[in-house]
Each structure stands twice: as structure tokens, then as C-alpha cells.
Protein chains: 2
Amino acid sequence: MPDFKDNGRTYYNPVEYAMHQIGGTWKMPILWRLNKQTMRYSELKKYLPHISHKMLTTQLRELEHNGFVTRTVFPVVPPKVEYTLTDKGRRAIPVIATIRQYGMDLMREAGIDPDEVFKRKT
Amino acid sequence: MPDFKDNGRTYYNPVEYAMHQIGGTWKMPILWRLNKQTMRYSELKKYLPHISHKMLTTQLRELEHNGFVTRTVFPVVPPKVEYTLTDKGRRAIPVIATIRQYGMDLMREAGIDPDEVFKRKT
DNA sequence: CGGAATCCGGGCCGATACTG
DNA sequence: CAGTATCGGCCCGGATTCCG
């Protein structure tokens, strides 16, 4: 496939284009979690304990910029901000589900039982 | 999901685990191309013009190490090395096809026609 | 032809501190 | 509570060189 441009950046195939929008370590876990329910910043942070404050903010900005989530600010003190999946964000969910399922298949091949890991509390 | 380890590395969810093996800029394009046919190093390089010599080598090493491709060396001069998808590699193809399809959907949403891009020669 | 080693620049990303 | 700014380490990845 020849290359094409979007937003000033050059891409060489559709996989690269998709991965640039929902790839990286954090975007899919964030979208996956927001699909379960709308959440405010601190809730999201609680469910993703290993992401840093800066990274969560940055990733949410990019997801918002690319139209995957909406950001709702409530004018109260202390601040309250909620993040919700858009239609575009919801369309990414089946793809993430596929990758997730594949990841669990790979775990089994490697001798790791996903069900067992899910059951653990720590 | 709690965390789990594989090969000394810690992962926090199946998506991260899958992406560590077939993610990055180049692994999926390489697997996708090898699924069409077994190819030697220089052929692969020709089809992925933008990857550097070093990157193609390292990515192939990692794919081999993780069991996605086999490396066959022919004892001739000049050297000839062929890369072939393993069964595990072939199992990744449907996942890549899904992401690829999704990438093309995103392109259309962004006003880019994939068919048009495919048709172009330069 | 295919690969390894080296050098090195840029950007990703974490830690910390400060703001409203 | 949520976000911004700054600093700095580390590693990804390109360019180059050398090898069988």
C-alpha cells in the first residue's frame, strides 16, 4: 500500500493508522474500562493503578482529540470531570475485544491460565 | 485483572501481553506479508521500504524468539535466509485482519478512501 | 546477502512541584 | 480533584561500519 497522510503525519498502511490512534500501552485499557461505564478521572486512575498521573492525562487528551471520548467538566469545587465513550469509541470495542481474546489465547499457550489470574485478589 | 509474569516481565492485562508480542510499528506488517508467502530477507525488505536494516533484523529476531516465524539458513554463498510463518504466526493473522479492517474504517471516517490509496502507484 | 556492533540523538514517560 | 510545567533518565531506532 502506498503511503497517505492524515493531520500532517504520514502512514504506510491501515494497521499503522489504527495503532496510532488506539495503540500504545494505555489507550486500549482506558477505552475498555470506559466502555463498562462513564467514569471520572480519579475512578479511572483507581482502576489503572500502574499508569502515572501525567500519562493518564496525556492519553485522555489524545483520545478526546481523536474523538474517542468526551470530557465533561462540572463547575463545582472540588473539580469533577467525567469521561465518556463516543460512538467512535464504542466502535473500537469489538477490535479491543478481539485483541484481548487473542492475548488470553497466547497466555494459555504460554502455560498461564487467565481464569486463574482473574481469580487472584492480589 | 491482577498482574502476571512471563519470561521475567510483568504484564497487567491480556491486551498488553498480546501487544508486546505483535505490537509496535513493524511486527504486524511483517507477519501480514509473510502470510502471503515465505520470503527471504531482501524480499521482505523490498516490500517494507521504510523499515531500516537494523529494525527488520531485530523485529525478525523477536518474532522468531516468540515462535511466530521460523528462520531457515541455506548454506550457500552469498547467504540465503528464508522466513516462514509458524502455526502460531498464522493464528495471529485473523487478529491483524481485524485491526487492518478497523484501520480502513477509520480512514473512511477521516475522509480518506483506502481503495483510492491502494490504486495509486507512487 | 544477511547480520552484529557501535555510536548517538530524540522522544517517551516517570517523578516532582505548583495551580485553581 | 484535576490539570499543567519542568526536569531528566532511559530506551527506541537510525546511520554507519565491519564481518563471514
Side-chain angles (χ1 to χ4, degrees), chain A residues 3 7-13 15-16 19-30 33-34 37-66 69-84, chain B residues 3 7-13 15-16 19-30 33-34 37-66 69-84:
Chain A
D3 55 303
N7 235 299
R9 197 179 191 287
T10 304
Y11 301 90
Y12 299 105
N13 56 65
V15 170
E16 183 186 0
M19 283 303 97
H20 190 251
Q21 303 203 39
I22 64 167
T25 307
W26 299 111
K27 293 211 175 72
M28 287 194 266
I30 290 170
R33 181 54 69 176
L34 286 180
Q37 64 181 99
T38 292
M39 290 174 53
R40 54 192 298 187
Y41 180 91
S42 49
E43 289 178 283
L44 204 45
K45 183 82 179 67
K46 189 174 58 183
Y47 282 110
L48 301 169
H50 303 286
I51 194 173
S52 72
H53 179 39
K54 177 183 173 181
M55 278 309 291
L56 182 50
T57 304
T58 309
Q59 299 300 302
L60 284 170
R61 279 296 162 287
E62 291 176 18
L63 288 172
E64 184 193 8
H65 179 256
N66 288 322
V69 306
T70 54
R71 179 169 176 272
T72 310
V73 181
F74 295 85
V76 297
V77 285
K80 175 179 171 179
V81 180
E82 280 191 348
Y83 291 92
T84 307
Chain B
D3 55 303
N7 235 300
R9 197 179 191 287
T10 304
Y11 300 91
Y12 299 106
N13 56 65
V15 171
E16 183 186 0
M19 284 302 97
H20 191 252
Q21 303 202 39
I22 64 167
T25 307
W26 298 111
K27 292 210 176 74
M28 287 193 265
I30 291 171
R33 182 53 68 176
L34 287 180
Q37 63 180 100
T38 292
M39 289 174 55
R40 55 192 296 186
Y41 181 90
S42 49
E43 289 179 284
L44 206 43
K45 182 83 178 68
K46 189 175 59 185
Y47 282 110
L48 301 168
H50 304 286
I51 193 172
S52 71
H53 180 38
K54 176 184 175 181
M55 279 309 290
L56 183 50
T57 304
T58 55
Q59 299 301 301
L60 285 169
R61 281 294 162 286
E62 291 176 20
L63 289 172
E64 184 193 7
H65 179 257
N66 288 322
V69 306
T70 54
R71 180 168 174 271
T72 310
V73 181
F74 294 85
V76 297
V77 285
K80 175 179 171 180
V81 181
E82 281 190 350
Y83 291 92
T84 308

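What you see is a predicted model; the values in this text were computed from it and never measured. Below, read A as the first sequence line, B as the second, and so on, with proteins coming before strands; counting in each chain starts at 1.
By the 4.5 Å heavy-atom criterion applied to side chains, B/V73 and B/R71 are counted as neighbours. Side-chain contact check for A/E16 versus A/M19: every heavy-atom pair is 4.5 Å or farther apart.
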For a quick test of your reading: what N or O donor-acceptor pairs under 3.5 Å do the side chains of residues 40-51 of chain B make, sequence neighbours left out?
residue : atom : partner : partner atom : Å
B/R40   : NH2  : B/P79   : O            : 3.4
B/Y41   : OH   : B/H53   : O            : 3.2
B/Y41   : OH   : B/H53   : ND1          : 2.5
B/E43   : OE1  : B/R40   : N            : 2.9
B/K45   : NZ   : B/I51   : O            : 2.9

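Between the P atom of C/dG2 and the NZ atom of B/K80 lies a distance of 10 Å, rounded to the nearest Å. Atoms CD (B/E82) and P (C/dC1) sit 15 Å apart, rounded to a whole Å. Rounded to an integer number of Å, the gap from NE2 of B/H50 to C1' of D/dG13 is 16 Å. The distance from atom CD of A/E43 to atom P of D/dC1 is 12 Å, rounded to the nearest whole Å. Protein atom OH of A/Y41 is 16 Å distant from nucleotide atom C1' of C/dG20, rounded to whole Å. At whole-Å resolution of the value, CG in B/L48 and C1' in D/dG14 are 16 Å apart. Taking atom NZ of residue A/K46 and atom P of nucleotide D/dC1, one finds them 11 Å apart after rounding to whole Å.
Set against D/dC1, D/dG13, C/dG2, the side chain of A/S42 has D/dC1 as its closest nucleotide.
Using a 4.0 Å cutoff on non-hydrogen atoms, the parts of residues 54-65 of chain A near DNA chain D are A/K54, A/T57, A/R61, ordered by number.
Between A/N66 atom CG and A/R61 atom CZ the span is 13.0 Å, to the nearest 0.5 Å. Atoms CD1 and NZ, from B/I22 and B/K27 in turn, are 10.0 Å apart once rounded to the nearest 0.5 Å. Taking OH of A/Y83 as the start and OG1 of A/T38 as the end, the distance is 12.5 Å to the nearest 0.5 Å. The distance from the CD atom of A/Q21 to the OH atom of A/Y11 is 6.5 Å, given to the nearest 0.5 Å.
The residue A/F74 sits apart from the nucleic acid: no heavy atom pair falls under 4.0 Å.
In this structure a side-chain-to-backbone donor-acceptor pair under 3.5 Å is present from A/N13 to A/V15.
Residues A/K80 and A/E82 approach most closely at CE-OE2, 3.8 Å, considering heavy atoms.
Phosphate proximity of D/dC1 to A/R40: absent, as no side-chain N or O sits under 4.0 Å from OP1 or OP2.
Contact annotation: side chain of B/H53 to base of C/dG3, donor-acceptor pair present below 3.5 Å.
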Nucleotide N/O to protein N/O under 3.5 Å, stretch nucleotides 18-20 of chain D:
none

